[in-house]
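So the structure is just underneath, and the comments pick up after that.
The figures that follow rest on heavy atoms only: side chains count, while hydrogens, waters and symmetry mates do not. Because the structure is predicted, anything quoted here is derived from the model rather than measured.
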Amino acid sequence: MGAVFLGGEVSAPRGLTMAELRSLPQYQQEISFACRKSGLRRHRFGGPLLLDVASLAAPRFVPGERKSRLRFMISLWGGDGHRVVISWAEIDPEFANQRVLLGLSRDGTLLDGEGPQLVLPSDVCGARNLSGVTDLRIFTDPTR
């Protein structure tokens, strides 16, 4: 699988390979979620925090203004064309502080063939657990 592209309203757009993602601090997370088609699923994921990955792109927050981060969203695209959008506040330590992972392994198996998976441990439904992430864009409300 190729690189995950980081872009949007950032100062340091870039691509990250799976090896570069593995060089970041790694975390383990056991999750369970309800899948509409296959029922309850349980997995153990390993990988970096989405916060650590997204921060590498240097989002263009207003320096010194904590509330400026509240306007930012993270849009992630999977290789199959699915898209998930979450707010920056969901992963920010000063707000919801959710330990959202960009999973590089699932149940001990590396995801090199399919690419990283977005893992939202607090979700009841697994619909936002996006597989094969290829693109991560950080932006503010485009209507303003």
Side-chain angles (χ1 to χ4, degrees), residues 1-37 41-107 109-144:
M1 192 74 186
V4 174
F5 179 75
L6 308 179
E9 294 176 44
V10 299
S11 298
R14 60 183 293 184
L16 290 172
T17 65
M18 292 293 276
E20 289 170 317
L21 290 168
R22 274 195 272 288
S23 73
L24 297 171
Q26 301 290 296
Y27 299 87
Q28 299 293 314
Q29 184 74 46
E30 290 195 27
I31 67 163
S32 61
F33 57 86
C35 182
R36 181 178 285 178
K37 294 180 181 177
R41 308 216 24 209
R42 297 177 198 274
H43 294 289
R44 181 174 183 82
F45 286 92
L49 293 175
L50 180 61
L51 176 68
D52 293 343
V53 174
S55 294
L56 292 174
R60 292 188 191 138
F61 302 136
V62 176
E65 290 189 25
R66 176 179 55 174
K67 288 185 178 181
S68 95
R69 297 190 312 261
L70 295 175
R71 295 176 302 156
F72 282 79
M73 295 171 266
I74 303 168
S75 174
L76 299 106
W77 289 87
D80 61 0
H82 283 89
R83 179 182 183 201
V84 171
V85 177
I86 65 172
S87 73
W88 185 274
E90 286 184 74
I91 64 170
D92 192 300
E94 290 190 289
F95 298 105
N97 195 26
Q98 295 294 313
R99 289 176 44 106
V100 175
L101 295 183
L102 202 54
L104 306 179
S105 68
R106 180 179 54 237
D107 302 325
T109 301
L110 294 178
L111 297 175
D112 289 3
E114 62 187 86
Q117 180 168 339
L118 178 66
V119 179
L120 294 112
S122 63
D123 281 9
V124 174
C125 167
R128 292 197 303 169
N129 289 346
L130 183 68
S131 297
V133 174
T134 60
D135 193 85
L136 184 156
R137 306 281 172 141
I138 301 166
F139 59 95
T140 57
D141 183 355
T143 63
R144 297 201 79 180

Any carboxylate oxygen within less than 4.0 angstrom of a Lys/Arg side-chain nitrogen, looking at Arg106 and Glu114?
yes
Is Glu9 salt-bridged to Arg137, cutoff N-O under 4.0 Å?
no
OG/Ser105 to CG/Leu111 distance, rounded to the nearest 0.5 angstrom?
6.5 Å
Is there side-chain contact between Arg99 and Leu49, with at least one heavy-atom pair below 4.5 Å?
yes
His82 atom NE2: more than 12 heavy-atom contacts under 6.0 Å
no
Working to the nearest 0.5 angstrom, can you tell me the gap between Met73 CE and Phe139 CZ?
4.5 Å
Is there a side-chain contact (heavy atoms from CB on, under 4.5 Å) between Phe33 and His43? Walk through the geometry before answering.
CA-CA 9 Å; Phe33 57 86; His43 294 289; 4.2 Å; yes
Any heavy-atom pair between the side chains of Leu118 and Val84 that's under 4.5 Å?
yes
Leu120 CG to Glu90 CD distance, which is reported to the nearest 0.5 Å
7.0 Å
Would you mind reporting whether Leu104 and Met18 have side-chain heavy atoms less than 4.5 Å apart?
yes
Report yes if some heavy atom in the side chain of Asn129 is under 4.5 Å from a heavy atom in the side chain of Gln117; otherwise report no.
yes
Going through the distances and angles, do Arg66 and Phe61 end up as a side-chain contact (heavy atoms from CB on, under 4.5 Å)?
CA-CA 8 Å; Arg66 176 179 55 174; Phe61 302 136; over 6 Å; no
Heavy-atom closest pair, residues Ala54 and Leu136:
CB-CD2, 4.3 Å
When you check the gap from the basic side-chain N to the acidic O, do Glu65 and Arg71 get nearer than 4.0 Å?
no
Is the shortest heavy-atom distance from the side chain of Pro13 to the side chain of Leu6 under 4.5 Å?
no
In sequence, state the C-alpha distance, the side-chain angles, and the governing distance for Phe72 and Ser87, and then conclude on side-chain contact (heavy atoms from CB on, under 4.5 Å).
CA-CA 6 Å; Phe72 282 79; Ser87 73; over 6 Å; no
Side-chain H-bond candidate by donor/acceptor type, Ser32 with Arg41, under 3.5 Å
no
We want to know whether Gln29 and Arg44 form a side-chain donor-acceptor pair, criterion being a heavy-atom distance below 3.5 angstrom.
no
So, taking the atom named OG in Ser55 and the one named CD1 in Ile91, what distance separates them when rounded to the nearest 0.5 Å?
6.5 Å
The criterion is side chain to side chain contact (heavy atoms under 4.5 Å, CB included); which residues satisfy it with Ser11, sequence neighbours excluded?
Ala58, Arg60
Report yes if some heavy atom in the side chain of Asp112 is under 4.5 Å from a heavy atom in the side chain of Arg22; otherwise report no.
yes
For Ile31 and Phe45, run side-chain contact (heavy atoms from CB on, under 4.5 Å): C-alpha distance rounded to whole Å, both residues' side-chain angles, the deciding distance at 0.1 Å, then the answer.
CA-CA 8 Å; Ile31 67 163; Phe45 286 92; 3.6 Å; yes
Taking the side chain as every heavy atom from C-beta outward, state whether Pro93 and Leu51 have any pair of such atoms under 4.5 Å apart.
yes
Hey, does Asp52 have a side-chain heavy atom less than 4.5 Å from the side chain of Leu102?
no
Please give me the minimum heavy-atom distance between Trp77 and Ser75, naming the atom from each residue.
NE1-OG, 3.7 Å
Gap separating the CD1 atom of Ile74 from the CD1 atom of Ile86, nearest 0.5 angstrom:
4.5 Å
Given the options Leu21, Thr134, Leu50, Pro116 meets side-chain contact (heavy atoms from CB on, under 4.5 Å) only with Leu21
So, for Val10 and Pro59, which heavy atoms are closest and what is the spacing to 0.1 Å?
CG1-CA, 3.9 Å
